Amino acid sequence: MSSRRSRFTEDEINELILKLQVLLPDSSSRCKTRVSASKILKETCNYIKKLQKDVDGLSERLSELLASRDISVVDADLLASLLRH
Amino acid sequence: MMASSSISNPDTNSNSSPKMRKKIGHESETGILTADTERSRWRTEAEAKNYSIKLVKALRRIRRRDSSSSGSIHESADRVLAVSAKRRTRWSRAILTKRLRVRLNQINKKHKKAKVSSDNRLKKPVAKNKPPSLQRKVRSLGRLVPGCRSLSFPNLLEETTDYIEALKMQVQAMTLLTELLAGYDTLAGSSDHLGSDVVTTTSN
């Protein structure tokens with residue numbers, strides 16, 4: 001770690017980017033080849049957008065399910081099932 | 001009103017106070033190693049269970065008319081997620097203060113002050129001789145992760161990895177919750193018929 005122009009060195013940044021790559025969906029097929037940082041960043045953006053959209057869809061589904069009933073009614077059983085899983 | 005007393009709250013997407021800047025900077029410097037163990041936290045079953053339970057409790061508290069909008073549920077889910085992060089990350093703090101910042105912006109607009117809100121303060125991330133195409137991607141990434149718009153590149157990467165792990169957990173937990181509720185729906189529908197019908201509906 002010779003040059004510390006900024007708080008993080010070049011190596012540490014590369015390490016972080018690699019860690020990011022591992023999280024992405026098809027990381028297992030990619031770990032052998034070197035992927036450019038640019039590609040990783042782009043895929044990361046897409047992945048985050050996808051995850052956020054998933055949460056959006058799930059929220060909609062939940063709002064439909066909750067609209068038809070009062071969640072406090074199903075509470076106890078629901079919590080029990082959650083704990084069991 | 002809460003406005004004046006809350007301005008001194010931890011800032012969200014820009015380093016306004018020097019003290020906070022140093023604190024966050026220090027966290028990040030030692031952060032690479034500690035962040036690893038913290039991030040893997042999102043993948044544990046205990047964390048997912050914890051989240052699910054807290055989410056159910058939070059959903060209970062949403063008023064009936066609000067629960068019909070998926071937006072408030074999404075917001076609730078995000079807030080519970082942010083709380084689970086235990087204030088360790090910037091994105092989680094940004095989510096928790098989102099409502100506050102929105103309200104501050106509204107108040108600022110109303111009073112027509114020339115106050116520059118933290119959102120408008122476009123502090124460029126530390127340029128590290130990156131080509132413009134990469135710079136663009138870094139910026140769009142910064143916009144996606146809450147509260148990380150003007151973060152330095154390394155810090156942004158750290159926040160991103162934690163955010164992604166948290167999001168994955170959130171999707172998992174909410175999916176499970178939806179399935180449980182949907183399954184419960186079929187059960188509840190036949191609850192009039194007691195006993196035998198309940199058995200048949202569970203055999204999916």
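Worth saying up front: this structure is predicted, and the values here are computed from it rather than measured. Below, chains carry the letters A, B, ... as their sequence lines are ordered, and counting in each starts from 1.
The closest side-chain heavy-atom distance from A:L16 to B:T161 is not below 4.5 Å. Side-chain atoms of A:K42 and B:L141, non-hydrogen and from C-beta on, never get closer than 4.5 Å to each other. A 4.5 Å side-chain heavy-atom check between B:F153 and A:L41 finds at least one atom pair inside the cut-off. The closest side-chain heavy-atom distance from A:Q52 to B:L144 is below 4.5 Å.
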Carefully, step by step, assess B:T160 and A:Y47 under the rule side-chain contact (heavy atoms from CB on, under 4.5 Å). CA-CA 11 Å; B:T160 305; A:Y47 191 38; over 6 Å; no

side-chain contact (heavy atoms from CB on, under 4.5 Å) between B:M174 and A:S59, worked out: CA-CA 8 Å; B:M174 288 179 76; A:S59 306; 3.6 Å; yes

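Going from atom CD1 of B:I73 over to atom CZ of A:R61 covers 11.5 Å, rounded to the nearest 0.5 Å. Interatomic distance, B:H74 NE2 to A:S63 OG, rounded to the nearest 0.5 Å: 12.0 Å.
Interface check for chain A: of the options B:R136, B:K168, B:Q170, the most heavy-atom pairs under 4.5 Å are formed by B:K168. Ranking A:V22, A:T44, A:D54, A:L20 against chain B, the residue ahead of the rest is A:L20, based on heavy-atom pairs under 4.5 Å.
Both the backbone and the side chain of B:T178 come within contact range of chain A, judged by heavy atoms closer than 4.5 Å.
In plain terms, the two heavy atoms of A:S38 and B:K137 that are nearest each other are OG-NZ, 2.9 Å.
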